[in-house]
Protein chains: 2
Amino acid sequence: MTEAIELLPPRVHACGRQPGDNYCDSCKVRSLAVCAALGADELGELDDIVHHTHAEGKTTFIHQGEAAESVFSVTEGVVRLYKLLSDGRRQIIGFAMPGDFLGLALHNRYGFSADAVDNVALCRFDRREFDSLVTAKPHFLRRLHEFATHELVIAQEQMTLIGRRSAEERVAAFLVAMRERWARIKGPSVTIQLPMQRIDMADYLGLTIETVSRTLTKLARDGIILIVPEAVRVLDEKRLASIARA
Amino acid sequence: MTEAIELLPPRVHACGRQPGDNYCDSCKVRSLAVCAALGADELGELDDIVHHTHAEGKTTFIHQGEAAESVFSVTEGVVRLYKLLSDGRRQIIGFAMPGDFLGLALHNRYGFSADAVDNVALCRFDRREFDSLVTAKPHFLRRLHEFATHELVIAQEQMTLIGRRSAEERVAAFLVAMRERWARIKGPSVTIQLPMQRIDMADYLGLTIETVSRTLTKLARDGIILIVPEAVRVLDEKRLASIARA
DNA sequence: GCCTGTCCTTGCGCTGAATCAATTCGGGTG
DNA sequence: CACCCGAATTGATTCAGCGCAAGGACAGGC
């Protein structure tokens with residue numbers, strides 16, 4: 001809700017948080033992330049250093065190898081994070097959605113690139129300011145650590161998906177995972193929004209665009225999903241889940 | 001050096017650390033991990049809660065899904081961490097070597113299983129004690145967070161390796177990575193120790209045992225490596241690196 | 001309305017790695 | 001030493017997914 005920011009009187013925090021609130025409405029940071037775990041004081045400090053910004057579709061705003069000068073959180077839209085090989089092969093290491101943090105590694109350089117899949121709204125924090133806030137507030141650091149280890153768990157599951165599972169299993173697991181992520185953000189739905197292109201799914205799943213397309217077609221032919229523009233609709237939840245689960 | 005522990009007079013810390021040292025000789029924790037970042041006080045506290053233990057080859061000491069009651073660090077030997085699919089397919093998500101920590105996620109349940117590749121010596125910490133130490137010492141937490149984000153970076157690189165690179169590239173990258181890890185522990189060498197079996201390499205790289213074997217044979221035939229029991233010797237460093245690098 | 005560009009789907013032949021099947025190697029053990 | 005057993009290698013064959021190419025759907029510009 002980028003509009004909400006504009007409507008608020010200036011002396012209220014930019015993100016719309018009221019004193020005592022423990023949820024950052026503008027940054028939409030979910031409980032797993034950071035804000036929800038913070039008291040009003042810490043949230044205030046986060047507000048003090050936040051810069052609201054956004055990126056149009058396809059804009060790259062984090063470049064692998066460059067000095068890590070910002071930490072971001074996504075408030076609207078979807079971001080793809082990826083690594084490029086020198087010959088152009090690409091591996092998407094994750095999609096960041098509203099509530100997710102980027103660039104938490106606290107390393108000097110970014111280990112990946114990031115660009116906007118659609119139009120994206122971001123909270124940007126200066127890394128030095130963010131860093132000293134983290135140092136000053138152990139509780140904050142602890143949440144950050146939990147977020148990072150959760151990311152690690154996801155990454156390990158993704159390794160297993162890519163390393164040991166078939167194309168059909170990968171695509172089904174991706175659909176189920178996307179469905180769950182949207183459910184947390186917008187509530188449950190049989191329609192799974194897929195704002196990214198086929199090539200993004202392919203580069204995320206270690207497949208080619210053709211294989212993703214063929215696999216989706218097969219799932220549709222089997223009556224498990226219905227393919228619609230920018231999304232798929234789940235027709236047979238159980239069968240989809242049974243293909244997706246380990 | 002498990003022997004070192006035995007030889008020390010009892011009132012000196014079990015790990016052999018002297019007051020003022022900032023490196024835990026028994027736990028052999030590298031700078032990237034935890035100990036090296038801690039002052040003598042924190043190291044003392046770590047000593048107070050450490051239990052030295054070991055695991056014979058093939059023993060499973062962390063079971064995926066079980067309550068996470070311990071945190072470990074490896075002091076001797078190699079540990080494989082893996083996830084199993086219900087049908088028996090296995091993905092090794094990493095090898096832990098001297099100085100590495102296991103079970104840092106601070107989650108309630110382990111997300112992977114771990115067993116000893118060869119004979120392994122471990123420092124075990126009770127998770128609750130470890131947890132409260134972490135909570136009490138922000139500096140410690142910070143190191144832990146750095147360690148976790150480093151693990152995340154490794155995991156993302158592994159995703160790229162498995163998702164987008166050929167069998168030969170995977171094997172070469174694995175050899176180079178193992179070489180660098182041993183170099184940190186024991187110093188540089190042209191001989192790369194490979195205590196794990198072919199099937200472990202295969203399950204780590206998302207390949208089959210036959211493909212790993214054939215690929216090693218090809219590298220040997222090309223004069224890049226020499227295969228010896230439990231290890232390979234690097235003959236042509238440059239060509240190996242050029243296959244391995246992204 | 002038509003043209004153009006981009007994305008997606010589909011068909012088809014190809015290929016890298018998987019799978020199946022012998023050997024071979026090497027380290028115990030009696 | 002001969003035997004055994006698990007690990008590793010090697011060979012033959014298959015196949016899941018790739019790569020290329022053609023065609024279709026859709027959006028934007030004029």
Side-chain angles (χ1 to χ4, degrees), chain A residues 56-58 78 80 85 87-92 115 117-119 161-175 192-222 225-232 243, chain B residues 56-58 80 85 87-92 117-119 161-175 192-222 225-232 243:
Chain A
E56 305 287 308
K58 312 287 144 89
V78 175
R80 58 186 174 213
L85 302 184
D87 61 0
R89 282 175 289 179
R90 183 179 70 155
Q91 177 70 39
I92 291 188
D115 52 30
V117 166
D118 45 10
N119 285 350
L161 191 74
I162 297 173
R164 283 289 172 246
R165 310 192 63 197
S166 71
E168 191 178 33
E169 291 172 324
R170 295 186 212 186
V171 171
F174 174 71
L175 293 178
I192 307 169
Q193 293 300 324
L194 299 174
M196 70 290 291
Q197 300 173 190
R198 294 289 185 264
I199 197 166
D200 295 324
M201 296 186 221
D203 285 347
Y204 182 58
L205 299 172
L207 299 170
T208 59
I209 175 174
E210 294 95 331
T211 300
V212 169
S213 182
R214 278 187 258 268
T215 306
L216 286 171
T217 304
K218 180 177 182 300
L219 291 173
R221 202 168 46 232
D222 294 349
I225 60 168
L226 179 71
I227 300 169
V228 297
E230 302 268 284
V232 300
I243 298 170
Chain B
E56 306 286 307
K58 311 287 144 87
R80 58 184 174 216
L85 301 183
D87 61 0
R89 283 175 289 178
R90 184 180 71 153
Q91 178 69 38
I92 291 189
V117 165
D118 44 11
N119 285 350
L161 191 73
I162 296 172
R164 282 290 172 250
R165 312 191 64 198
S166 71
E168 191 179 34
E169 290 172 324
R170 295 185 213 186
V171 171
F174 174 71
L175 294 178
I192 307 170
Q193 294 300 325
L194 299 174
M196 69 291 292
Q197 302 175 184
R198 294 288 185 264
I199 197 168
D200 295 325
M201 296 186 221
D203 284 347
Y204 181 58
L205 298 172
L207 299 170
T208 60
I209 174 177
E210 295 95 333
T211 300
V212 169
S213 181
R214 276 187 256 269
T215 306
L216 286 172
T217 304
K218 180 177 184 299
L219 291 173
R221 203 169 45 233
D222 293 351
I225 59 169
L226 179 70
I227 300 169
V228 296
E230 303 267 286
V232 301
I243 298 169

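Below, chains carry the letters A, B, ... as their sequence lines are ordered, and counting in each starts from 1.
- Taking OG1 from B:Thr208 and CZ from B:Arg214, the interatomic distance works out to 7.0 Å, rounded to the nearest 0.5 Å.
- The distance between atom CD1 of A:Ile225 and atom C1' of C:dT9, rounded to the nearest whole Å, is 14 Å.
- Going from atom CE of A:Met196 over to atom CZ of A:Arg80 covers 9.5 Å, rounded to the nearest 0.5 Å.
- Separating the CD1 atom in A:Ile192 from the CD1 atom in A:Ile225 is a distance of 7.5 Å, to the nearest 0.5 Å.
- Atom CG of A:Asp115 sits about 13.0 Å away from atom CD of A:Glu56, to the nearest 0.5 Å.
- Between B:Val117 and B:Lys58, the closest heavy-atom pair is O-CE, 4.3 Å.
- Between the CZ atom of A:Arg170 and the CG atom of A:Leu175 there is a distance of 14.0 Å, given to the nearest 0.5 Å.
- When all heavy atoms are compared, the tightest approach of B:Ala202 to B:Ile209 is CB-N, 3.5 Å.
- Atom NZ of A:Lys218 is separated from atom C1' of C:dG11 by 18 Å (rounded to the nearest Å).
- Over its length, the helix from C:dG1-D:dC30 to C:dG30-D:dC1 turns its helix axis by 30°, as judged from the five terminal pairs at each end, rounded to 10°.
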Between N or O atoms, less than 3.5 Å apart, protein on one side and nucleotides 4-8 of chain C on the other: list the pairs.
| residue | atom | partner | partner atom | Å |
| --- | --- | --- | --- | --- |
| C:dC7 | OP1 | A:Gln197 | OE1 | 3.1 |
| C:dC8 | OP2 | A:Arg198 | N | 3.1 |

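- Interatomic distance, A:Ile199 CD1 to A:Leu207 CG, rounded to the nearest 0.5 Å: 12.0 Å.
- Pairing each heavy atom of B:Gly57 with each of B:Asn119, the nearest pair is N-OD1, 3.0 Å.
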*Where protein sits on nucleotides 12-19 of chain D, one letter per nucleotide: B base, S sugar-phosphate only, - none, heavy atoms under 4.0 Å*: B----SBB

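- Nearest heavy atom pair, residue B:Leu194 against residue B:Phe174, reads CD2-CE2, 4.0 Å.
- The nearest whole Å value for the distance from the CG atom in B:Leu216 to the P atom in D:dA7 is 17 Å.
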